[in-house]
Amino acid sequence: MIHARGLTRRFKIKGGDVAAVRGLDLDVPAGQTVAFLGPNGAGKSTSLRMLTTLLAPTSGTAVVAGRDVTADPAGVRARIGYVGQKNGAGDGFRARDELITQGCCYGLSRAHARRRADEVLELLDLLPLARRTPGTLSGGQRRRLDIALGLVHRPGLIFLDEPSTGLDPQSRADVWRHVLRLRTEYDTTIFFTTHYLEEADTMAERVVIIDHGRVIADGTADRLKDELAGDRLAVTPAEAAGVTRAAEVAARLAGAAEVTVTGGTVGVRVPDARTAMPEYLRALDAAGVPAASAEMTRPTLDDVFLSLTGRTLRESDDARPPADDAPGTPAETPTRSASDAPPTGRGGPVDPAGGRAPDASGDADTSGTAAGRGAR
Amino acid sequence: MTTFHRDVWTVFVREITPVLRQPMTLLFNMVQPLLFLFVFGSLLAGTGGPGGAPGGGSPWQWFVPGILVMMCLSGPLLAGWTMLTELIGGAMERMLVSPLNRTAILVGRTLKEFAVLLAQAVLIIVMAVPLGFDLRPAGVLAGLLVLVLFGVGLGALSYVLAIASHPGGDLFWAVTQFLMFPLLLLSGVLLPLDAGPGWLRAAATLNPVYYLVEAERALFDARFADPAVPPGLLAAAAVAAIGLILGNRAIRRAI
């Protein structure tokens with residue numbers, strides 16, 4: 001569905017020019033759900049705008065839905081759906097009117113466009129709001145209307161630019177429930193950007209992480225976590241004096257890395273916590289420093305980002321250096337210290353919307369990691 | 001019907017639907033010209049007015065075309081505002097990413113301005129007749145045609161300005177506010193320029209609206225051979241041509 005090679009976009013700014021996207025290579029097969037994850041200013045939206053013909057690439061090529069974005073933008077436009085960051089429905093226009101207009105924009109007859117408008121209204125639970133104007137809708141309802149606008153012409157590929165940003169947790173879950181239906185019921189290829197880690201983790205079968213305009217990781221969330229971050233064990237010996245000894249034991253575990261000692265607790269990164277934990281506990285017993293408590297944590301995508309860039313996504317967003325053009329991105333230099341590892345490892349404080357409705361996360365966890373989907 | 005015509009129709013129907021659903025908005029948007037018509041016009045008529053137009057008609061004969069030009073200035077000049085809000089919001093982007101012909105976006109929107117302007121002009125004329133405006137159908141028809149020609153061009157220029165002002169929007173207000181009153185005051189819409197000093201009359205000769213107003217007054221009086229007609233027609237045609245050419249270029253490059 002998407003084949004991009006060396007896609008690059010430079011912007012002229014005061015005192016020179018800046019590469020927002022540098023040499024993006026990307027292949028997305030039909031039917032896949034891909035999350036494009038990165039901090040603000042990483043190049044997510046610029047990439048998306050190039051793939052959807054809204055922005056001409058400075059160099060590189062992209063074939064989207066079988067058409068070249070530069071040579072045949074009209075061909076691309078007719079075959080994709082696009083839901084931008086902002087609300088697509090115009091002020092003062094009724095929801096249904098805008099949907100009919102949208103159908104006509106894509107070449108449907110007015111009668112056909114009316115039919116499709118009613119279908120997508122129903123699909124997104126918007127029928128009772130058909131005669132309302134955007135100004136009278138809630139944030140979540142507007143976002144659903146935006147998605148409905150993107151679906152009128154039944155695109156096989158839909159781009160969603162931060163579909164849930166700015167929504168309350170319940171509306172986010174609601175929007176995602178509808179997006180995921182596209183995948184299960186219509187086999188739509190979905191390409192979305194987000195800076196919510198948890199969304200990338202649970203909604204997508206593939207995560208592409210971008211930073212400073214470059215792809216720095218690409219794979220299933222699980223694979224990225226296994227390969228780039230690994231699980232963490234945290235064990236507190238029964239006697240505080242045993243901490244040093246316990247840390248030495250931890251360092252000898254198979255594949256152990258980044259042994260830390262914080263307070264009376266030993267932390268260690270291992271490839272697979274489920275096998276490493278019993279092994280570690282047995283070794284501690286044998287060494288005469290029995291454990292009082294033990295905990296294991298799966299890494300989050302933030303840990304993946306941290307291990308790739310040396311900073312967390314959250315920090316990157318807060319610092320917000322858009323189009324930061326510092327030469328040489330600090331890739332592959334894990335420099336985490338003992339103090340910042342535990343908070344990011346729990347994943348709790350990282351994602352502002354941790355309290356999602358339980359039904360959506362349940363759905364997503366099972367379908368989001370369905371291994372067979374990519375092969376289809 | 002070609003794809004282009006279909007796309008123009010799509011845009012036109014989208015733009016005109018809210019107006020048709022709430023026709024009263026047409027009247028609300030005419031509050032200013034209506035006030036000028038009834039209040040300023042009546043004052044002017046009360047003073048005996050600059051009614052000494054060739055043909056010796058009433059002051060209304062002189063004033064009504066001016067009010068129409070005034071309406072034709074404010075409406076289309078601010079037409080870009082709706083486009084700007086849709087550029088700042090996501091509605092324009094949504095259309096630009098669709099296969100909709102981009103020239104059709106401009107033409108469809110302009111057609112809507114054209115329809116609205118025509119309806120408003122007819123309303124003004126109908127309301128002016130009881131006040132003493134002498135209706136000359138052929139002249140009114142010709143006058144309206146030249147008027148909407150100008151309006152279409154000005155509307156297109158307003159779209160250019162909207163696109164140029166994106167994404168901030170300040171430029172749009174700065175330019176329209178800066179232009180509106182000089183264009184209006186230096187056109188002789190409200191009071192005849194003949195009474196003004198020489199420098200003012202000289203400045204007016206640089207204002208296309210001045211020629212338009214003069215031509216409209218002749219046309220509404222059915223004086224088709226009046227020497228004021230060709231310059232006014234030329235001014236309107238030039239504004240229309242420049243507006244549509246620049247507008248088309250701007251929208252093709254938009255975003």
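So that the names make sense, note that chain A is the first sequence line, chain B the second, and so on, each numbered from 1.
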Requested in this report: Taking atom CZ of A:Arg5 as the centre, report whether more than 12 heavy atoms of other residues, nucleotides or ligands fall under 6.0 Å from it.
Outcome: yes
**Report entry** Sorted by number, residues from residues 96-113 of chain A in contact with chain B (heavy atoms, under 4.5 Å)
**Finding:** A:Asp97, A:Glu98, A:Thr101, A:Gln102, A:Cys104, A:Cys105, A:Tyr106, A:Gly107, A:Arg110
**Report entry** Inter-chain contacts: residues 137-153 of chain A against chain B, heavy atoms under 4.5 Å
**Finding:** A:Leu149
Report task. Working to the nearest 0.5 Å, report the span between CG of A:Asp161 and CD of B:Glu93. Result -> 8.0 Å
Requested in this report: Could you check which of B:Thr10, B:Val97, B:Leu100 has the highest count of heavy-atom pairs closer than 4.5 Å to chain A?
Outcome: B:Val97
Query - Leading residue by heavy atom contact count with chain A [cutoff under 4.5 Å; candidates B:Gly90, B:Ala91, B:Pro99, B:Ala104] - result: B:Pro99
Query raised in the report: Non-hydrogen atoms of chain A under 4.5 Å away: do they reach the side chain of B:Val13, the backbone, both or neither?
Result: side chain
Query raised in the report: Between B:Thr85 and chain A, which part of the residue has a heavy atom less than 4.5 Å away: side chain, backbone, both or neither?
Result: neither
**Report entry** Residue, of A:Ala78, A:Gly88, A:Gly92, A:Gly84, that accumulates the most heavy atom pairs under 4.5 Å with chain B
**Finding:** A:Gly88
